[in-house]
There are 2 protein chains.
Amino acid sequence: MSTPASQQPSPQLFFQTMNAHQRTEALKTAIELEVFTAIGEGNTTAADLAKRCNASEKGIRVLCDFLTIMEMLTKQNGRYGLTLDSSVFLDKRSPAYLGTATEFLGSPLLAGSAKFMTEAVQKGGTAMQDDGTVAPDNPVWVTFARAMAPLMSLPSQLLPKLADPKADGKLKILDIAAGHGLFGIGFAQHNPQAEITALDWKAVLEVAKENAQKAGVANRYNTLEGSAFDVDFGTGYDLVLLTNFLHHFDPPTCETLLRKVHAALADGGRAVTLEFIPNDDRVTPPDSASFSMVMLLSTPSGDAYTFAELEKMFANAGFSRSTLHPLPPTMQQVVISEK
Amino acid sequence: MSTPASQQPSPQLFFQTMNAHQRTEALKTAIELEVFTAIGEGNTTAADLAKRCNASEKGIRVLCDFLTIMEMLTKQNGRYGLTLDSSVFLDKRSPAYLGTATEFLGSPLLAGSAKFMTEAVQKGGTAMQDDGTVAPDNPVWVTFARAMAPLMSLPSQLLPKLADPKADGKLKILDIAAGHGLFGIGFAQHNPQAEITALDWKAVLEVAKENAQKAGVANRYNTLEGSAFDVDFGTGYDLVLLTNFLHHFDPPTCETLLRKVHAALADGGRAVTLEFIPNDDRVTPPDSASFSMVMLLSTPSGDAYTFAELEKMFANAGFSRSTLHPLPPTMQQVVISEK
């Protein structure tokens, strides 16, 4: 890309961008053929990797060179190595292995929606049939719950520390669109007096219940089946969790939901929202800001909202005050809104 | 991506890479909707762009924010602007407009081949039917000749200056796989005594002949129809041009062709090869090195060859000496091989 220092125009970024899709495919192929795992096991030459991954030596060499250019591998004297990120997240033997996330992020509904970007830009929302990902009971959310859990393991441990730092009192928690359930489960593990009610589609709750069982908190884990917009939440909650949910809807729809959340909270209760929150310029930080495109492609009217926009939605729904909190090292942020 | 300074593992590069395909789609969509041209004309707000591009304001806002993150646009106080590269290469009103290149680079054969990357890595060559792009008379080369000409305009002016700096003598030139014909035409424009014979599939030569006509060199422009491996080249050439051709084949096939080239050259004649030439490490410079992946995906046995590999092929074919020359500011390099 052109730098201020060299003011000569170059088609380099154009070329790189036209071929950027190859990077996605290379990552998926390397995960599928277990290339990262094979390197972690000590297979560091193209010849050894070809044997281990059941592929051609030339194909492996070209793939691993490409992954090196992508900074997902290292190469020295013809031997490939894992980067820190690759060894932690892409070697199957690592407890933080993220390879399963490709099943959701690479699913026809998510990745395929990008093929209809022109139509989505023209329309202002997904060009996929049936409202994209927010269609009732969409099976993509079962895939999500199973595939994305590893990615949520760290934030689901960090969020309870932020929202319930003392962890020493009774806490009635509603986890809206619980998915894999990890956030509610995280609170239950963090505070032995926390009682969770997880809300999601029935098939998705089966995954959350499995995870609660595994985490040893099933006895404090209740479920509510159905749409967050239709189901009766009950009342008296100390915390309502809204993790990666509001971005699927437009502000009036969010406000309708937030009024319901407000009514379900006990006095002094709080809504805890985890989101991709861009700055007011909407182009920084890049990862949160680019999430708007994911929502444009896959939902009728979702977006990545700025803190000012979220604050306004919560105020309109009756909340007295909202505050913004980073959740390092994750790229997401937390909004805590008081009843 | 993780830097040596912050040794904390991050899934950021994984996420960015899983979504990298959206960058390709965003560029294609912006070209299709003429977003760059519209901004160049002075439409700088999402509202004005939406009207000019016949799209929704929200869709345009999300797209332009995404292009800003991609460093293809600028954004200040809610107004979008073109970068230097975008104004030169992506505004339709610019003489160096490259938008048509998306028709080749984004074609089903080129872009679509990435969908079969796993199979290509397993096999060591394209998983596309009928040998991918090197199938006889593949219509993709007519698309290439029409779509890629703007990208070749600059190198086709630079190459004659390198290979025929004095431009003051008779020069009989064979342009193998001429495509758009711009390289041969460039030599003919540069040296009024240059006579060009362009070789390619019949349908492709129609494009080259049109271009020779437009450039005013049709009276010194002859054609040879068919495969470079089958057609009789004739003899007595001072220069044989091999621009972006050898990368489609394996070294033995290249050597077979180069022996034919050697025989067609006059005493003191030279072969002039333009290529993506990676360093010996095969992972730098990134643009040339990553071209190996394009060849793995789209040809049975092509590759981006290092200078050492090219030098060896030319030596095996009887050439006495090969030298490597950069062609700045392009990302390609030139090998000049003496008979």
Which region of [X], side chain (C-beta onward) or backbone (N, CA, C, O), has a non-hydrogen atom less than 4.5 Å from a non-hydrogen atom of chain A, or is it both or neither?
X	answer
Glu32(B)	side chain
Pro329(B)	side chain
Ala26(B)	both
Ala111(B)	both
Ile31(B)	side chain

For chain B, find which of [options] contributes the most heavy-atom pairs closer than 4.5 angstrom.
options	value
Val88(A), Leu27(A), Thr68(A)	Leu27(A)
Ser292(A), Ala30(A), Ala55(A)	Ala55(A)
Lys115(A), Glu57(A), Glu119(A)	Lys115(A)
Leu296(A), Asp287(A), Leu63(A)	Asp287(A)
Val62(A), Asn54(A), Thr330(A)	Val62(A)
Leu151(A), Ile60(A), Leu297(A), Leu90(A)	Leu151(A)

[atom2] on [Y] to [atom1] on [X], rounded to 0.5 Å:
X	Y	atom1	atom2	answer
Ser10(A)	Phe89(B)	OG	CZ	6.5 Å
Thr118(B)	Lys28(A)	OG1	NZ	8.5 Å
Met331(B)	Gln12(A)	CE	CD	5.0 Å

(request) With side chain to side chain contact (heavy atoms under 4.5 Å, CB included) as the test, would you mind laying out the steps for Thr102(A) and Met18(B) before giving the verdict? (result) CA-CA 7 Å; Thr102(A) 57; Met18(B) 281 305 294; 3.7 Å; yes

Is any side-chain heavy atom of [X] closer than 4.5 Å to a side-chain heavy atom of [Y]?
X	Y	value
Gln8(B)	Leu84(A)	no
Phe14(A)	Leu105(B)	yes
Gln22(A)	Val294(B)	yes

(message) Quick check against the 3.5 Å criterion: does Asp85(B) have a side-chain atom that pairs as donor or acceptor with the backbone of Pro9(A)?
(response)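 No; zero donor-acceptor contacts below 3.5 Å.
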
(request) State whether the side chain of Thr29(B) and the backbone N or O of Met117(A) hold a donor-acceptor pair below 3.5 Å, judged by distance alone. (result)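 Side chain of Thr29(B) to backbone of Met117(A): no pair is present.
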
(message) Looking at every non-hydrogen atom in both residues, tell me the closest pair between Thr17(A) and Arg23(B) and how far apart they are.
(response)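 Minimum heavy-atom contact is CG2-O, 3.3 Å.
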
(message) Could you report the tightest heavy-atom contact between Thr24(A) and His21(B), atom names first, then the distance?
(response) OG1-N, 3.0 Å

(request) Evaluate whether atom CZ of Phe116(B) has more than 12 neighbouring non-hydrogen atoms of other residues, nucleotides or ligands under 6.0 angstrom away. (result)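 Atom CZ in Phe116(B) is not packed in, count stays at 12 or less.
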
(request) Start with the C-alpha distance between Phe66(A) and Val283(B), add both sets of side-chain angles, then the distance that settles side chain to side chain contact (heavy atoms under 4.5 Å, CB included), and finish with yes or no. (result) CA-CA 7 Å; Phe66(A) 197 66; Val283(B) 292; over 6 Å; no

(request) Test Ser290(A) against every option in Asn19(B), Asp65(B), Ile69(B) by the side-chain contact (heavy atoms from CB on, under 4.5 Å) rule and name the one that passes. (result) Ile69(B)

(request) Decide side chain to side chain contact (heavy atoms under 4.5 Å, CB included) for Asp281(A) and Lys75(B); before the verdict, give the C-alpha distance in whole Å, the side-chain angles of both, and the deciding distance to 0.1 Å. (result) CA-CA 8 Å; Asp281(A) 64 13; Lys75(B) 184 180 186 184; 5.6 Å; no

(message) Whether Asp250(B) and Lys58(A) form a salt bridge (side-chain N of Lys/Arg under 4.0 Å from carboxylate O of Asp/Glu) is what I want to check.
(response) no

(request) Just give me the residue among Met72(B), Arg61(B), Gln76(B) that pairs up with chain A most often, heavy atom to heavy atom, under 4.5 Å. (result) Arg61(B)

